[in-house]
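Atom set for the values below is all heavy atoms of this structure, side chains included, hydrogens, waters and symmetry mates excluded. By convention here, the first residue in the shown sequence is residue 1.
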Amino acid sequence: MSAVANGSAGTAPAPRKGVTGTKVWVAVLFLLPALVLLGALVVYPIGYSVWRSLYNAGGDGFVGLDNYIDVFTDDATLTAVRNTAIWMAVAPAVVTVLGLIFAVLTERVRWGTAFKLIIFMPMAISMLAAGIIFRLVYQADPDQGVANAIVTSVHDTFADSSVYPKARPNAQVSDLKPSGGGAFTTTGTVRAGTPALLPLVGIAPNKVPGSPEDARAATGAGVTGTVWLDFKLGGGGEKGQVDAGEKALEGVKVEAVKDGEVVASATSGADGTFTLPDSADGAQLRLPGSNFAAPYNGVDWLGPTLVTPAIIGAYVWMWAGFAMVLIAAGLAGVDRNLLEAARVDGANEWQVFRRITVPMLAPVLVVVLITLMINVMKIFDLVYIIAPQPTQDEANVLALQLFLSSFGGGGNYGMGSAIGIILLLLVIPVMIVNIRRLRKERER
């Protein structure tokens, strides 16, 4: 008994093993490279940023929480905070909704695979390339920017464009004078049998739209007149008179005005002449401003008002395919028997979508939404590239402000570190929600 006891007492304890049966020191050895990388690339930068955010721009003076206070009192950083909140509220929701719609529709169209490919293709483009593309898309000139080319085409389809935007009366020989709103009105009155002469200049003869005819002096006993370009290449002729070779201005609207009221109107013909009814006798003639209004050139997409929505549009274009693919994968796992049972019970497609499809896709939708929320918090490339310098302040976001404060000429690493820590604090709640959701999924 004593020998056995003595023998048991002298036996060395068994090496410690982990849950999987692996020796602890072996597990630590294999985890060490990952732990070193984690500490070097995550823990150390976070710790250093926290420490650096408590110092001034040069790093030689302790300022405490002053940098954090400045973030919420400086106009530039306040704009960045506001725009980041807009991005978080709008962009993930829009992308998720569009992804859901595309995922459902692609199951019902014949060319669903090709459609998915087209929608997902922007994901293969870098943020830099997408920013350059949309900087061109949002160009103000309709001849260069696709967005304004479409807008102006639609506008001109439903609204009349001005005929001669650069034309103006020849002040030396014409009694047409500015009368407000871009219009010109004669100082004298028109009489039947005495043709009115309305000479215009400001357009090169070879720049008159269409194929203009030579102007012709109006004739007849009624209230008539001529609207023409009182200039021809090579010069010559008498100012204020219709000369041979001078071009007619077709389509100019002429109004007869008495006591401020329009009593009649007409439009000049191909030869520049027009005829008004007898009620225009004794009236002044007015050329409305619509004849000379500048052409509609579209929307100022990158102006102070629309620059943030325009950039969000570019982001949606890029990431809608990502949301669609994830949601389509979740949709493939939905039990079709439930959908068919609902249809048999009399539910229409909208009810099936709202009461069955969406609730069953809720876990996938949450994943997509949370992923996009984390992504938009660090949005930088699109804003920096698309927003022009004059409106970059209005489009500013926290990630861009971090760059500008630290590396974009500001040189204030204390402020930049404080913004970085704020971004980290904003991400943490979203990550906690995501981790809790994953744990609940595992418990199921």
Side-chain angles (χ1 to χ4, degrees), residues 156 159-297:
D156 293 344
D160 295 331
S161 58
S162 59
V163 185
Y164 306 104
K166 295 183 179 180
R168 65 182 186 279
N170 189 339
Q172 297 177 349
V173 296
S174 175
D175 65 345
L176 283 168
K177 305 300 179 185
S179 56
F184 297 94
T185 306
T186 59
T187 55
T189 58
V190 65
R191 294 295 178 183
T194 305
L197 299 177
L198 304 177
L200 298 177
V201 293
I203 310 174
N206 58 349
K207 298 294 184 181
V208 178
S211 302
E213 299 180 7
D214 289 345
R216 182 177 66 84
T219 57
V223 180
T224 61
T226 304
V227 184
W228 82 103
L229 182 62
D230 194 18
F231 176 79
K232 63 180 179 178
L233 293 175
E238 183 180 353
K239 296 296 182 183
Q241 297 298 321
V242 181
D243 298 310
E246 294 181 338
K247 300 300 180 181
L249 298 181
E250 182 182 5
V252 177
K253 185 176 182 181
V254 182
E255 296 176 341
V257 180
K258 289 182 178 179
D259 299 325
E261 298 291 333
V262 177
V263 297
S265 64
T267 303
S268 60
D271 58 0
T273 61
F274 61 88
T275 301
L276 291 165
D278 294 339
S279 59
D281 190 21
Q284 293 176 294
L285 297 184
R286 180 172 66 190
L287 302 183
S290 58
N291 293 313
F292 315 108
Y296 180 72
N297 287 321

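Panel note: side chain Q284, backbone T186; a donor-acceptor pair is recorded below 3.5 Å. No donor-acceptor pair under 3.5 Å is formed between the side chain of D259 and the backbone N or O of E261. With hydrogens and angles disregarded, a donor-acceptor distance shorter than 3.5 Å links the side chain of T226 to the backbone of A218. Here the side chain of Y164 pairs a donor or acceptor atom with the backbone of E250 at under 3.5 angstrom.
One finds no salt bridge joining K232 and E246 here, because no Lys/Arg side-chain nitrogen approaches an Asp/Glu carboxylate oxygen to under 4.0 Å.
Looking at L197 and D230, their side chains never come closer than 4.5 Å, going by heavy atoms from C-beta outward. Residues L285 and L276 form a side-chain contact, since some pair of their non-hydrogen atoms from C-beta on lies under 4.5 Å apart. Inter-residue side-chain proximity for I203 and F231 is flagged as unmet; no heavy-atom pair is nearer than 4.5 Å. Residues V173 and E238 form no side-chain contact, since every pair of their non-hydrogen atoms from C-beta on lies 4.5 Å or further apart. Counting heavy atoms from C-beta on, the side chains of T224 and T219 never come closer than 4.5 Å. Within the 4.5 Å cutoff, side-chain heavy atoms of F184 are placed close to those of P178. The shortest distance between side-chain heavy atoms of V252 and L287 falls below 4.5 Å. Side-chain contact check for T185 versus K177: every heavy-atom pair is 4.5 Å or farther apart.
Looking at every heavy atom in both residues, W228 comes nearest to A215 through CB-CB, 3.5 Å. Closest approach of A283 to V257, counting heavy atoms only: CB-O, 3.4 Å. In terms of heavy atoms, A248 sits closest to A270 at CB-O, 3.3 Å. Annotation for G282 and R191: closest pair CA-NH1, 3.6 Å, computed over non-hydrogen atoms. Between P199 and G240, the shortest heavy-atom contact is CG-CA, 4.4 Å.
Note that CG of L249 and CG of L198 are 10.5 Å apart. Values are rounded to the nearest 0.5 Å. To the nearest 0.5 Å, atoms NZ (K258) and CG (D281) are separated by 6.5 Å. One distance of note links CG of D214 with CG of D271; it measures 10.5 Å at 0.5 Å rounding. Atoms NZ and OG, from K239 and S174 in turn, are 12.5 Å apart once rounded to the nearest 0.5 Å.
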